[in-house]
Each structure stands twice: as structure tokens, then as C-alpha cells.
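Here's the structure, in C-alpha cells; my notes come after.
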Amino acid sequence: MTFAIILACTVAACFALRNPIKKWPMLFYALAVIIDLVYVVGSFYELPRAVWIVLFTLIQKCTLSLAIFIVVMYVGVFAKGSKPYMWLKGIRAELSIIAWILSLGHMVVYLMSYVPRIFGGGIIKGNVMFAFVLAVVLFVLLIVLGVTSFNFVKKRMDNDSWVKLQKLAYLFYALVYIHLLAMLLPAALHGGIQAGITTGVYSVVFIAYAVLRVYRALADKRAGIVD
């Protein structure tokens with residue numbers, strides 16, 4: 001339920017802050033970097049409880065960056081020329097970069113927590129190794145997709161190559177969903193009510209996106225529209 005609230009607030013913020021994000025993207029990038037730095041510091045040193053609770057919910061659980069990524073995902077679901085599409089399409093790259101920066105803090109701390117378990121010489125459970133490998137793959141995809149979202153990088157790439165590379169985003173989204181299920185499904189299957197609700201919310205969001213994205217692609221193909 002917490003994620004559903006964060007997602008709703010994020011969607012509203014993306015629509016409301018569309019013009020400022022477009023006009024001053026570096027300001028929002030810098031703010032995301034500052035949030036990451038505070039979170040990383042808070043992972044090793046004690047912060048005020050109120051501050052840490054916010055960072056834990058938004059960054060450690062990766063809910064804020066995930067919510068922004070979902071907005072980016074769903075832009076591709078709207079019909080070309082529709083008001084939501086036209087309003088958000090112009091900041092899709094900027095939103096991707098903001099989400100990318102915010103997720104880096106989560107990924108770095110998350111991967112660091114696995115290093116002692118993986119390389120400590122002890123017996124490693126299969127689920128731990130699976131989670132670690134999946135996290136590494138997501139991290140690599142995150143770096144590739146994030147770096148190439150910057151306009152100055154895009155301008156230096158062949159357009160066809162850039163478009164093909166960006167299609168890795170679909171793989172990224174699918175693996176994110178698998179990662180979420182791996183984290184939440186065991187608790188949900190053992191009767192965890194909160195885990196069950198959160199798993200349901202994520203499933204609705206990702207499965208609905210997959211269905212709607214395929215529908216939009218087929219509709220655009222019939223109409224002869226090229227993305």
C-alpha cells in the first residue's frame with residue numbers, strides 16, 4: 001500500500017513539475033545526487049530518525065526511483081498525440097536520468113551488503129547467489145541505459161544503434177519485476193499480509209504495462225506509426 005501511495009504522488013509530481021524539470025534538469029539531477037549521498041552516509045552513520053525513515057522508504061526500498069521508472073514506462077502506453085503523451089514525452093529522458101541517479105544509491109549499498117556473503121568463503125545459498133547475480137545484471141543494464149539517456153551521449157551515437165540499445169529497457173523492466181518477486185514472494189507465500197499486498201500492486205503495474213505496451217505497439221503498427 002505504501003508503494004501505491006508513493007506511485008500516485010510521483011505521477012502527480014511528474015505532471016506538476018514537467019516544465020521545471022524541462023527547464024532546469026541539472027537542478028533535479030543535483031538534488032537526486034544529494035539524496036543519494038545522504039542515504040549512503042546514513043547507511044554507515046546515524047542520521048536523525050525522521051530523515052532515515054524517509055530515506056529508508058524512498059531510497060533503500062528503491063520505491064521512489066521505481067515509481068519514476070514506471071512513469072517513464074507508461075509514457076509509451078499512451079497514444080501518440082494524446083495529451084498525457086505529449087506532456088510527459090518531453091521529459092521522458094530527464095525522468096529516466098533522475099530515476100537512474102536515485103537507484104544508484106540503492107544499488108551500490110545493496111551490492112556492498114552482498115560482497116561479504118559472496119566472497120566470505122562460507123556456504124552460499126542458491127537464493128542468495130541468484131539475488132546477487134540478478135542485482136549485478138540489473139546494475140550493468142542500469143549503467144548502460146542511464147549513461148546513454150544523456151543527450152550529449154545520444155548525439156555521439158548512431159541513431160539506429162541508440163534505438164536498439166534502448167530496447168534493453170524492456171529487459172531491465174522484466175528483471176526488475178523478477179527481482180521484486182524474488183524479494184517479496186517468499187514472505188507473501190508464508191502469509192505476510194504486507195508482502196502479499198505489495199506483490200499484488202507490483203504485479204498489477206508490471207503485467208498491465210506489458211499488456212498495454214503490446215496493445216499500443218500493435219495499434220501503432222496498424223496505423224503505420226513509427227516510434
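- Following chains of ILVMFWY side-chain contacts shorter than 4.5 Å, one cannot reach I53 starting from I35, and the two form parts of different hydrophobic clusters.
- Atom CE of M86 sits in a sparse spot, with 12 or fewer heavy atoms from other residues, nucleotides or ligands closer than 6.0 Å.
- Put simply, the side chain of L168 does not reach to within 4.5 Å of the side chain of Y173, judged on heavy atoms.
- Atom OH of Y215 is surrounded by 12 or fewer heavy atoms from other residues, nucleotides or ligands within 6.0 Å.
- Taken together through direct or relayed side-chain contacts under 4.5 Å among Ile, Leu, Val, Met, Phe, Trp and Tyr, V204 and I178 form parts of separate hydrophobic clusters.
- Taking the six-membered ring wherever Trp is involved, the centroid distance between the rings of Y177 and F206 falls below 6.0 Å.
- Side-chain contact between Q166 and V163 is absent, with no heavy atoms from C-beta onward closer than 4.5 Å.
- In this structure, the ring of Y209 has its center less than 6.0 angstrom from the ring center of Y74.
- When hydrophobic clusters are built by joining Ile, Leu, Val, Met, Phe, Trp and Tyr residues whose side-chain heavy atoms come closer than 4.5 Å, directly or via intermediates, L212 is not grouped with L218.
- No close placement of the H179 and Y202 rings is indicated, their centers lying 6.0 Å or farther apart.
- In terms of the side-chain contact (heavy atoms from CB on, under 4.5 Å) criterion, residue partners of A79 (sequence neighbours excluded) are, by chain and number, S82, R216.
- In the displayed structure, I193 atom CD1 is contacted under 6.0 Å by at most 12 heavy atoms of other residues, nucleotides or ligands.
- Once rounded to the nearest 0.5 Å, the distance linking CZ of F56 with CD of Q60 reads 5.0 Å.
- When each of F139, W100, F69 is checked for a ring-ring contact (aromatic ring centres under 6.0 Å, His included) with F172, only F69 meets the rule.
- Pairs engaging residues 44-53 under the side-chain hydrogen bond (donor to acceptor under 3.5 Å, both in side chains) rule: none recorded [sequence neighbours left out].
- Residues M157 and L141 share a single hydrophobic cluster, defined by chaining ILVMFWY side chains whose heavy atoms lie under 4.5 Å apart.
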Decide yes or no on side-chain contact (heavy atoms from CB on, under 4.5 Å) for V147 and I143, but give the supporting numbers first. CA-CA 6 Å; V147 169; I143 294 297; 4.2 Å; yes

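- If you look at Y29 and W24, their ring centroids are not closer than 6.0 Å.
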